[in-house]
Amino acid sequence: MQSFIQRTFQQGGHLSKIVDGYSPRAPQIQISSKVAECLGEERHLLCEAGTGTGKSLGYLLPAAKWAVQNNKKVIICTHTIPLMNQILKIELLRVSQIMRMENLNLRYKLIKGKSHYLCKSKLGNLFRELEGSKTREAEMIRRIAEKENVLDRSDLGFQVEDQLWNRISASFCPVKNKSGECSLEKNKAALIGAHIIVTNHAYFLMIWLCVKKQGMEICRIMMQSSLMKPMRLRMCAAKHLRRKLRFNSLSHYLRNF
């Protein structure tokens with residue numbers, strides 16, 4: 001792994017080929033080396049670095065390399081959806097390019113709460129209900145229905161009022177036997193095949209439960225946030241696991257779930 005880190009971060013290395021004006025940064029290399037070391041030795045790591053250090057690439061690159069080579073899963077857990085999107089649309093694109101330079105294929109998936117996803121069944125029902133209507137609401141539903149391959153609200157490319165979106169989101173979907181076209185079912189399929197899963201603190205416990213039920217092993221969880229608070233994580237655990245937990249017992253419970 002250390003030779004990979006050197007190939008990646010050195011002047012003229014992998015990052016130099018995809019990032020204009022790249023120059024090696026000692027703190028970023030140190031983070032990457034420590035993450036690689038702890039992955040290999042199955043140890044915990046807590047690290048802190050200033051803004052602009054390159055923390056995300058510092059931990060993502062060794063995590064991706066480790067996950068692909070060992071066919072394991074890593075959860076990247078952040079505090080906010082904007083940070084999730086940054087990791088997905090910027091950092092993981094670069095990581096994926098570097099994995100290809102190493103002749104490796106990285107698969108990754110962003111997972112958010114159900115309310116962010118479109119329910120095709122609810123959309124179809126509302127479309128039929130408003131058929132022939134000339135209201136603003138009906139026009140918006142027709143516009144959404146015309147979009148192809150939309151799973152996520154952010155995929156639409158235009159704004160939808162919260163009140164209307166709530167009527168077609170995947171929250172409280174009435175369909176019991178979901179088809180392969182269901183946004184949530186597509187997410188599950190991608191989740192199973194992903195090496196890296198990006199989510200937030202509030203939702204990562206739901207992913208944990210889903211993966212555990214599939215009989216798969218989550219090998220590493222990495223949390224990135226300057227605002228992460230133990231109390232928030234414990235409250236999320238109590239909500240999704242439906243039991244009261246002290247923070248110092250959470251890691252023990254998850255290991256033995």
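Values in this document were obtained by computation on a predicted structure and should not be read as measured data.
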When you measure from the side chain of [X] to the backbone N and O of [Y], does any donor-acceptor pair fall under 3.5 Å?
{"X": "T199", "Y": "I111", "answer": "yes"}
{"X": "R25", "Y": "G52", "answer": "yes"}
{"X": "Y59", "Y": "K34", "answer": "no"}
{"X": "Y117", "Y": "K112", "answer": "yes"}
{"X": "Q28", "Y": "G54", "answer": "yes"}
{"X": "S33", "Y": "Q30", "answer": "no"}
{"X": "K109", "Y": "I196", "answer": "no"}

What are the two closest heavy atoms between [X] and [Y], and how far apart are they?
{"X": "L104", "Y": "Q69", "result": "CD1-CG, 4.3 Å"}
{"X": "A36", "Y": "I5", "result": "CB-CD1, 3.7 Å"}
{"X": "C119", "Y": "S169", "result": "CB-O, 3.5 Å"}
{"X": "S16", "Y": "G12", "result": "OG-N, 3.0 Å"}
{"X": "P62", "Y": "L39", "result": "O-CD1, 3.7 Å"}

Measure the spacing between [atom1] of [X] and [atom2] of [Y] and express it to the nearest 0.5 Å.
{"X": "L46", "Y": "C38", "atom1": "CG", "atom2": "SG", "value": "10.5 Å"}
{"X": "S56", "Y": "Q86", "atom1": "OG", "atom2": "CD", "value": "5.5 Å"}
{"X": "Q159", "Y": "E161", "atom1": "CD", "atom2": "CD", "value": "10.0 Å"}
{"X": "I76", "Y": "L110", "atom1": "CD1", "atom2": "CG", "value": "12.0 Å"}
{"X": "I29", "Y": "T53", "atom1": "CD1", "atom2": "OG1", "value": "12.0 Å"}
{"X": "I31", "Y": "L61", "atom1": "CD1", "atom2": "CG", "value": "11.5 Å"}

>> Salt bridge or not between E137 and R167? Use side-chain N to carboxylate O under 4.0 Å.
In response: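 Salt bridge present between E137 and R167.
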Quick check: do [X] and [Y] have side-chain heavy atoms less than 4.5 Å from each other?
{"X": "N85", "Y": "I90", "result": "no"}
{"X": "F9", "Y": "P24", "result": "no"}
{"X": "L88", "Y": "Y108", "result": "yes"}
{"X": "R153", "Y": "I144", "result": "no"}

> Is the CD atom of Q11 crowded by more than 12 outside heavy atoms at less than 6.0 Å?
Replying inline: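 Yes, the 6.0 Å shell around CD holds more than 12 heavy atoms from other groups.
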>> With a 6.0 Å cut-off (strictly less than), is the heavy-atom count around CD of E37, excluding the residue itself, greater than 12?
In response: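 For E37, atom CD is crowded (more than 12 foreign heavy atoms under 6.0 Å).
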>> side chain to side chain contact (heavy atoms under 4.5 Å, CB included) for L156 and W165? Distances and angles first, verdict last.
In response: CA-CA 11 Å; L156 289 172; W165 178 258; 3.9 Å; yes
>> Please enumerate all residues that pass salt bridge (Lys or Arg N to Asp or Glu O under 4.0 Å) together with D155, with sequence neighbours excluded.
In response: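 Partners of D155 by the salt bridge (Lys or Arg N to Asp or Glu O under 4.0 Å) criterion come out as none, since no residue qualifies.
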> Quick one: is the NZ or CZ of R143 closer than 6.0 Å to the six-membered ring centre of F158, and within 45° of its axis?
Replying inline: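 Relative to the ring axis of F158, which defines the angle, R143 lies inside both limits.
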In residues 92-102, what donor-acceptor pairs under 3.5 Å come from side-chain atoms, sequence neighbours left out?
from: S96; atom 1: OG; to: R100; atom 2: NH1; distance (Å): 3.2
from: E102; atom 1: OE1; to: R7; atom 2: NH2; distance (Å): 2.7
from: E102; atom 1: OE1; to: K65; atom 2: NZ; distance (Å): 3.0
from: E102; atom 1: OE2; to: R7; atom 2: NE; distance (Å): 3.0
from: E102; atom 1: OE2; to: R7; atom 2: NH2; distance (Å): 3.3
from: E102; atom 1: OE2; to: H14; atom 2: NE2; distance (Å): 2.8

> Hey, mind stepping through L151 and L118 against side chain to side chain contact (heavy atoms under 4.5 Å, CB included) and telling me if it holds?
Replying inline: CA-CA 5 Å; L151 299 180; L118 176 68; over 6 Å; no
> Of the options N71, V74, N70, which is the one that meets H195 in a side-chain contact (heavy atoms from CB on, under 4.5 Å)?
Replying inline: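 Single pass found, and it is N71.
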